[in-house]
Amino acid sequence: MSEATPWSREEFEAQLRAKEVFYHIHHPYHQLMAEGKLDREQIRGWVANRFYYQINIPVKDAHILANCPDREVRRRWIERIHDHDGFGEEAGGIEAWTRLGEAVGIPRQELWSLKQVLPGVRFAVDAYVNFARQATWQEAACSSLTEMFAPAIHQQRLAGWPDRYPWIEPEGLAYFRKRVTQASRDVEHGLAITLDHFRTRAQQERALEILQFKLDILWSMLDAMWLAYIDRRPPYFNVKA
């Protein structure tokens with residue numbers, strides 16, 4: 001850890017935002033997706049595996065709440081659980097992703113069975129949940145800052161998918177429309193926590209490591225999908241039962 005002079009609040013935020021170069025929007029899988037070059041199996045594989053991440057987001061956030069003694073932070077952070085699990089009349093993001101699955105041709109029961117989830121994706125997501133369970137609540141909150149880069153990826157899908165993948169039912173895109181505004185709201189809160197808590201240079205560098213860890217999670221998920229659906233080498237492809 002460095003003993004150098006801490007970055008100013010503005011410099012620290014700039015360092016965090018510079019991590020965008022490692023965001024999974026730049027992964028070859030996502031690049032092919034954005035260009036309309038994935039086939040139906042590859043789209044469905046992505047939707048099915050990403051679903052495992054979606055259903056674990058509120059679990060991750062519940063660990064942050066459990067570790068946080070600050071009532072005002074909890075009152076705001078719990079909105080993230082409501083966003084995904086649903087609250088009152090609102091069905092929530094997990095239900096919206098289920099409808100995305102149906103829109104690309106994955107029956108609800110099959111999606112929820114998690115049978116299509118690749119081991120590499122499962123390990124990556126579980127590592128993220130375990131981090132949120134074991135880390136301080138401020139560190140876990142910092143890991144959520146990949147959401148700084150999320151609106152662009154949602155807007156990319158909303159703009160490109162209707163023309164490039166016309167076979168996907170339009171109502172399946174509702175998740176992306178909702179997350180454009182939700183992610184922006186969440187970033188404001190998570191960024192304020194991070195800028196307030198990580199004050200020394202050593203702490204600031206630790207925050208960058210945490211953000212990189214989360215970026216590694218998202219990238220590794222797509223690595224597993226690339227191997228299975230692009231290279232056509234799913235787990236144990238060379239093993240004869």
Side-chain angles (χ1 to χ4, degrees), residues 16-17 19-27 29-30 45-68 73-74 76-85 92-94 96-98 100-101 111-112 114 116-154 175-176 179 182-183 185-187 189-191 193-194 197-198 203 205-228 235:
L16 291 166
R17 291 188 180 276
K19 287 287 187 179
E20 191 276 339
V21 297
F22 301 110
Y23 192 53
H24 63 172
I25 196 172
H26 304 297
H27 193 285
Y29 203 105
H30 258 300
W46 176 77
V47 171
N49 278 273
R50 181 77 182 189
F51 182 66
Y52 188 66
Y53 177 81
Q54 300 304 132
I55 63 174
N56 275 287
I57 290 175
V59 177
K60 173 267 299 184
D61 287 324
H63 287 307
I64 294 175
L65 288 175
N67 290 331
C68 179
V73 171
R74 295 198 306 267
R76 291 189 63 181
W77 204 273
I78 200 171
E79 293 178 352
R80 298 169 184 248
I81 295 179
H82 293 161
D83 287 343
H84 285 84
D85 278 341
I94 292 175
W97 198 274
T98 301
L100 171 62
L111 184 70
W112 277 89
L114 304 180
Q116 294 188 43
V117 179
L118 299 166
V121 170
R122 191 181 295 272
F123 293 156
V125 173
D126 289 353
Y128 183 39
V129 173
N130 286 332
F131 173 80
R133 180 186 297 115
Q134 298 169 7
T136 67
W137 69 268
Q138 295 98 332
E139 289 178 329
C142 175
S143 72
S144 75
L145 287 181
T146 51
E147 290 180 335
M148 291 189 295
F149 321 125
I153 208 168
H154 297 318
Y175 176 87
F176 306 131
R179 285 305 299 168
Q182 289 175 345
R185 177 207 67 199
D186 292 346
V187 165
H189 188 211
L191 186 58
I193 290 171
T194 299
H197 177 73
F198 296 87
Q203 290 173 332
E205 290 177 352
R206 172 59 180 158
L208 293 176
E209 292 175 355
I210 291 168
L211 183 53
Q212 185 62 57
F213 164 75
K214 174 62 182 305
L215 291 162
D216 292 346
I217 294 291
L218 298 173
W219 197 274
S220 295
M221 290 169 61
L222 287 176
D223 282 347
M225 289 182 239
W226 181 279
L227 192 63

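This one's a predicted model, so the numbers in the text were calculated from it and none came from an experiment. Numbering of residues begins at 1 and proceeds along the displayed sequence. Scope of the values below: all heavy atoms of this structure, side chains included, with no hydrogens, waters or symmetry mates.
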Side-chain contact test, heavy atoms from C-beta onward, threshold under 4.5 Å: evaluate it for Ile94 versus Tyr175 and give yes or no. no

Would Arg80 pass as a cation-pi partner of Trp77, given that its NZ or CZ must be under 6.0 Å from the six-membered ring centre and within 45 degrees of the axis? yes

Pairwise distance CZ(Arg179) to NE2(His154) - rounded to 0.5 angstrom: 6.0 Å

Can you measure from CD (Glu209) to OG (Ser143) and round to the nearest 0.5 angstrom? 13.5 Å

dist His24:NE2 -> His26:NE2 (nearest 0.5 Å) comes out at 10.0 Å

Show your working on side-chain contact (heavy atoms from CB on, under 4.5 Å) between Tyr23 and Thr146 and close with a plain yes or no. CA-CA 7 Å; Tyr23 192 53; Thr146 51; 4.2 Å; yes

Is the closest side-chain heavy-atom distance between Met221 and Asn49 below 4.5 Å? no

Flag side-chain contact, heavy atom, 4.5 Å: Asp216 against Phe22: no

Under 3.5 Å, is there a donor-acceptor pair between the side chain of Ser220 and the main chain of Ile217? no

Any side-chain heavy atom of Leu65 sitting closer than 4.5 Å to one from Ile81? yes

Are the side chains of Leu100 and Phe176 in touch, meaning some heavy atoms are under 4.5 Å apart? yes

Ignoring hydrogens and geometry, is there a side-chain-to-backbone donor-acceptor pair from Trp97 to Ile55 under 3.5 Å? no

Is a side-chain donor-acceptor pair under 3.5 Å present for His197 with Glu139? no

With a 4.5 Å cut-off on side-chain heavy atoms, are Arg17 and Leu145 touching? no

If you compare all heavy atoms of Tyr128 against all heavy atoms of Lys60, which two are closest, and at what distance to 0.1 Å? OH-CE, 3.4 Å

Do Gln182 and Arg185 have side-chain N/O donor and acceptor atoms under 3.5 Å apart? no

Going by heavy atoms in the side chains, are Leu114 and Phe51 under 4.5 Å from each other? yes

Kindly give the heavy-atom pair with the smallest separation between Ala141 and Ile64, and that separation in Å. N-CD1, 4.1 Å

Side chains of Tyr52 and Asp126: do they bring a donor and an acceptor to under 3.5 Å? yes

Grab the two heavy atoms, one from Cys142 and one from Ala207, that are nearest each other, plus how far apart they are. SG-O, 3.6 Å

Indicate yes or no: at least one non-hydrogen side-chain atom of Met148 is less than 4.5 angstrom from one of Leu211. yes

Heavy-atom nearest pair, Arg74 first then Cys68, reads NH1-O, 3.0 Å

From Lys214 NZ over to Trp219 CH2, what is the distance, rounded to the nearest 0.5 angstrom? 15.0 Å

Verify side chain to side chain donor-acceptor pair (under 3.5 Å) between His27 and Asp223, making sure each step is shown before the conclusion. CA-CA 8 Å; His27 193 285; Asp223 282 347; 2.8 Å; yes

Atom pair CZ/CG of Phe149 and Leu16 - distance to nearest 0.5 Å: 7.5 Å

Tell me whether Asp186 contacts the main-chain N or O of Glu147 through its side chain, where contact means a donor paired with an acceptor under 3.5 Å. no

Side-chain donor-acceptor contact under 3.5 Å, His84 with Asp61: no

From Gln54 atom CD to Arg50 atom CZ, the distance as rounded to the nearest 0.5 Å: 5.0 Å

Can you give me the closest heavy-atom contact between Lys19 and Leu208, atom names plus distance? CE-O, 3.7 Å

Hey, mind stepping through His30 and Trp46 against ring pair (Phe, Tyr, Trp, His ring centres under 6.0 Å) and telling me if it holds? CA-CA 10 Å; His30 258 300; Trp46 176 77; 5.8 Å; yes

Of all heavy-atom pairs between Ala132 and Ala140, which one has the smallest distance, and what is that distance? CA-CB, 4.0 Å

